[in-house]
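Just so it is clear: chains get the letters A, B, ... in the order the sequence lines come, proteins before strands, and each one is counted from 1. Since we're looking at a predicted model, the values are computed, not measured.
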Amino acid sequence: MEEDRKVSKTTSDGNGMPDLVFQRVIDYIHDARDRDAVSLVCRRWCEIDAGARKHVTIALCYTTTPRMLLRRFPNLESLKLKAKPRAAMFNLIPEDWGGYVTAWVEEIARSFRGLKALHFRRMIVRDSDLELLAQARGLELQSLKLDKCSGFSTDGLLHIGRSCKNLRTLFLEESSIIEKDGKWLHELALNNNVLETLNFYMTDLVQARFQDLELIARNCRSLVSVKISDCELMDLVGFFRAATALQEFGGGSFDEQPETYSSLSFPPKLCCLGLTYMGQNQMPIIFPFASLLKRLDLLYALLDTDDHCLLIQRCPNLEVLEISLSHGLKYKSGILVQQTRNVIGNRGLEVLARCCKRLRRLRIERGADEQGMEDERGLVSHSGLMALALGCLELQYLAVYVSDITNSSLEYFGRYSKNLCDFRLVLLEQREGVSDLPLDDGVRALLQGCNKLRRFALYLRPGGLTDVGLGYIGKYSPNVKWMLLGSLGESDAGILEFSKGCPSLQKLEIRCCCFSEQALAISVLQLRSLRYLWVQGYRASKTPDLLAMARPFWNIELIPERQVVVADPHGAAVSVEDPAHILAYYSLAGPRTDFPDTVVPFEAAAFLNA
Amino acid sequence: MSRSAVELDFFRMEKESAGKPQPPKKLFDRRRSFRDIQSVISKMNPEILKSVIATGSVENGNLLASKPKNDDPFLSPALPLLSAPAFGNRVSGTSPLTIFYEGTVSVFDVSRNKAENILKLAAENVSKTVDSDLPLTRGKSLERFLQKRKER
């Protein structure tokens, strides 16, 4: 046909393949790294990929600008933006550090006509941003996630509730939201009947009315996941009855007498659950469907070791478990009245290993520390970990706080946990005389054995890992993209050896180590994939040794040492010194223009021209 | 050197001694001092800079970021580099405080109150253990939950 001849004449890739063919093919290539590779082949392929790219994640919003994003990917349907360093989740970053969404929302409102899904993580959002978003993209928006964000109030959410009639997902988990009233939820209930996921878990929104939740459940037949803030569970009887498609529920609260809850019935398909303040007496209400549970969140429950074991034994299909080393402390009017062992402990891990063969993700968080609470039975250590490695062969993600650790338990992971992609281990400070330090050999064995590892965090103590051990990490982690090194190594030699390896390392976090500025700077230059560095706790020098890593497109920022107010174990406000941070990252946008007082740019030019 | 003597107020002592009473520990405002340090260094005579850097030791302080552990917080910042005699520039109500430390000499114009606070601080045992330097912090949400649980 004439068109065929025309098409074969207009190919520009030199191989005789028409653009049209490639445009169809590229829709089947989803992985971001593959698309990245494709766009580097030639200009034409770059243009085709750019026009067809549907989703982009910008790991740090200051690496580029909204204009640049528009030029590169004008037809975006989904955008994820992150800002504050991960350390912000541990109260280590000033609240006003930055990461304002305003400029992005303005460009979205102006130009990104196809945008349906927006995810802001650890950013600062204003009510006016939400208003603009609702006005300009209200009807197109299908998914809005304000994930660990701050700076807005329920007034901003009101605009979303009113205008976003096609919203399938509203996610607000762990955001700091100023609460004026519960009207936003009411508006959402009135205007939306396609909602599938609603999440305001771990926010302090208490004026949301359960009646509105019930209305949403009645109107939205596809409602599948609901996670809320504290709300008496008995008020949700109507909600649970109406939400017949519900698979995931989190939040709530138990304020009534335990017997009351025996009449509570849950939706039939519920398989992901996390009930806040659930205690031993209320636990039996989930026994009837425990065998269906795939995900269990016990981080905010009040159970002891025996309870954990009892519950876990009934959940053979468990795939995801989150649990806390939470000591059973009962308070009345702020006074400690009872202490029980609220811990999972090694025994709990042994039960887990025996019963939950499908376990993919396990997170064991650190609970309350009270003086004199160190108890052999309650804490997690090598025997529990070894049982876990042996028993749960499907394990992909493990994050655990331990009180004791041995090389052999790490070796077990290397030998048995072949599916491990994400491994994070923190050695708690309390106990002296840990069995088997340094952990050089164990770490090497783990890294050599777990060749699917992409994320790795190790936080020990002085003596926990030698410079040789750090060298092992560098040598044996070919695919790891993110690492956190906490209190590792003995000297600069360690980090220098480490940085000769780690060929895939893109993001590096270092805390409480003894490395000098010079060693850090040289390491940055040696790590060939590195695009982001965060350091707190290092050996500062009189001279600006960080200069050694100064180079084009590499932004260096400092958060100088400052006084911060924290709560001590008794809840009293105490002023402590927060040591300085270094933050460095590649950026096409030049240095930031919105520094708060607490953050200072490292201006290499000032030193070079002296 | 043709310049007249310069008073370098990195620690906002003039502001502090003139203004409201400060708690003893908050002797200086490092945040602004970083920018100031940078701009002043760029104007300093490079010969003096070189000679001071050559004689200084590692423990004697830093320019930019957090101090080494076990360092006395008061003495660490670039005092040896930037001390300059304040002849003729003395702010009324202050007298020079001269400190000899590890081969370097630093001179400050301070009020009597300030001097007393400084001496008190120097007398305190300001040694810090490794643990308290950078304690493990807990996740925000978990921290909030543990607080709320106490209040129930």
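For A/E490, the CD atom sits in a packed shell: over 12 heavy atoms of surrounding residues, nucleotides or ligands are nearer than 6.0 Å.
The distance from the OG1 atom of A/T276 to the CZ atom of B/F145 is 7.5 Å, given to the nearest 0.5 Å. One distance of note links CG of B/L142 with CG of A/L299; it measures 6.5 Å at 0.5 Å rounding. Taking NZ of B/K148 as the start and CG of A/D204 as the end, the distance is 5.0 Å to the nearest 0.5 Å. Here the OG atom belonging to A/S176 is positioned 5.5 Å from the NZ atom belonging to B/K140, to the nearest 0.5 angstrom.
Although no hydrogens or angles enter the test, the distance criterion places a donor-acceptor pair under 3.5 Å between the side chain of B/R144 and the main chain of A/M202. A/R366 places a side-chain N or O within donor-acceptor distance of the main-chain N or O of B/L136, the cut-off being under 3.5 Å.
The contact between A/A88 and chain B is made entirely by backbone atoms, counting heavy-atom distances below 4.5 Å. Contacts between A/V426 and chain B at a heavy-atom distance below 4.5 Å involve the side chain alone, from C-beta outward. The contact between A/L92 and chain B is made entirely by side chain atoms (from C-beta outward), counting heavy-atom distances below 4.5 Å.
Scored by the ring-ring contact (aromatic ring centres under 6.0 Å, His included) test, A/F515 finds no partners at all (sequence neighbours excluded). In this view, A/E557 and A/W97, A/L583, A/Y585, A/R592, A/F595, A/V599 satisfy the side-chain contact (heavy atoms from CB on, under 4.5 Å) rule, not counting sequence neighbours.
When all heavy atoms are compared, the tightest approach of A/Y401 to B/T137 is OH-O, 4.4 Å.
Under the 3.5 Å distance criterion, with hydrogens and angles disregarded, a donor-acceptor pair is assigned to the side chains of B/S141 and A/Y300.
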